[in-house]
There are 2 protein chains.
Amino acid sequence: MTGGLADSPPDTEVANRDRLVTAATESFASKGFHATTTRDISSAAGMSQAALYVHYPSKEEVLYLICRTGLEELHSVMVVASQGATDPADGLGRVARAFAVWHAEHTALAKVANYELSALTPEHWQVVRECRHRIELCFREHLQQGMGTGAFSVSDAHMTTFSIISMGTDIARWYRPDRTWTVDQVADHYAAMVLRLAGAEHGRGGDEPQR
Amino acid sequence: MTGGLADSPPDTEVANRDRLVTAATESFASKGFHATTTRDISSAAGMSQAALYVHYPSKEEVLYLICRTGLEELHSVMVVASQGATDPADGLGRVARAFAVWHAEHTALAKVANYELSALTPEHWQVVRECRHRIELCFREHLQQGMGTGAFSVSDAHMTTFSIISMGTDIARWYRPDRTWTVDQVADHYAAMVLRLAGAEHGRGGDEPQR
DNA sequence: GTCTATATCCCGATAGAC
DNA sequence: GTCTATCGGGATATAGAC
């Protein structure tokens, strides 16, 4: 870019950029943004403290990047999961499952994107807020769709949506991969609970079409 | 205590102690422990920065006091609420209701006691951890009791307990008193959702005894 | 792009007068 | 118990050599 003849950038540069973000995500998740120093991040990435400022203008910008890209990825996963759903319960279940899988597989990222937002600048907080709103809408729209068809029975879609999201995001706080449950078990249980919250139990037999 | 003749302590002393804790709770909740300075706390309480150290040995001790007393109070509220329950569903519903009311009425305290724990010393964290465990047990015992009698239908008591607590604690993050819902509405909705998670719907009629 | 060294600032906690 | 003043340490971010 700056005038060299070689046009294949050395891999170490992008690797360093990425390692900084990875290290920051882990530290922000475990100790919190303000308890994490730029030395923590840089040394975990195998670099000097000053090297961080070559790649990112400030510690807060690193946080912003983590939150924004993380939530955009989460939203994308949810949208993809909902494609091809056959009915509201199927759609809500798919989205819930994807939500749980993502939170179980990206616990550090999820914790940062959910619990460190108060450290963002007002401008960055606005952007992240919109990401969160889209995710919220994704759940609520599925919920309201089923309420329209009679597949669900929900007294308040907003509060129910909050509860669904609370249950799911908190998976990132209590789930440990090396423990009692697999990611699939957690996701299955979560999806079942979401459908219970939606009041989606068709009688008790299970799959029989409603007559 | 220190030798004075008067034995009625001036009210301002206890008031100052309390105001420091109140101010710290608010600031820890909104900005986080590490983003809060001792000057923030003291000035919000109307005192100089050094005055904090007359009443508490360190900022971390203030956090510890807030978390411990807060969680003990919450547990106490839950125990009292469960007294006089007629059956498992009634008991779980009462505990859930109390849990929701407390979180809606003490949003700052609840946020600190749930999301600032990583700033505690290892020793203090152990104590707070036990408080949290008792609260968790309170829910899980009611759940398992109903599973024993057949009143509830739950595939995994531990995961369901986590979800119940996640839904409830997160009320402190989204509930605003001056908004759409009253505390009672939130508590009613939460209790109903908890019973859904427990699978406590007896058929569909409601109260009829199971035959 | 990475490093060492440093500027600048602010924090938690203490000292000592009143 | 409260205050003003300050110590010692460590934070973010920058400067400048390589």
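Basis for what follows: all heavy atoms, side chains included, without hydrogens, waters or symmetry-related copies. Naming: A, B, ... by sequence-line order, numbering from 1 per chain.
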For the pair made of CE in A/Met47 and C1' in D/dA13, what is the distance, rounded to whole Å? 15 Å

I'd like to check A/Phe139 versus A/Leu92 (side-chain heavy atoms, cut-off strictly below 4.5 Å). Are they in contact? yes

Mind calculating the distance between OH (A/Tyr56) and C1' (D/dT12) to the nearest angstrom? 18 Å

Hey, can you pull the donor-acceptor pairs under 3.5 Å for the side chains in residues 186-199 of chain A, sequence neighbours left out?
unit_1, atom_1, unit_2, atom_2, d
A/Asp188, OD1, A/Arg97, NE, 3.0
A/Asp188, OD1, A/Arg97, NH2, 3.0
A/His189, NE2, B/Ser155, OG, 3.4
A/His189, NE2, B/Thr160, OG1, 3.3
A/Tyr190, OH, A/Ile164, O, 2.7
A/Arg196, NH1, B/Ser153, O, 2.7
A/Arg196, NH1, B/Leu197, O, 2.7
A/Arg196, NH2, B/Ser153, O, 2.7
A/Arg196, NH2, B/Ser153, OG, 3.3

A/Glu61 CD to D/dA13 P, in whole Å, measures 10 Å

How many Å lie between NE2 on B/His55 and C1' on D/dC3, as a whole number? 12 Å

How about A/Leu63 and A/Lys59: do any of their side-chain heavy atoms sit closer than 4.5 Å? no

Classify the ring geometry between B/Phe162 and A/Trp174 as parallel (under 30°), tilted (30 to 60°) or perpendicular (over 60°). tilted

Base, backbone or nothing for each nucleotide of nucleotides 11-17 of chain C, written B, S, -, heavy atoms under 4.0 angstrom, 5' to 3'? SBBBB--

Between A/Gln49 and A/Ser42, does any side-chain donor sit less than 3.5 Å from a side-chain acceptor? no

Would you call A/Arg132 and A/Glu136 a salt bridge, using N to O less than 4.0 angstrom? no

Atom pair distance, as rounded to whole Å: CG in A/Leu20 and P in C/dC3: 10 Å

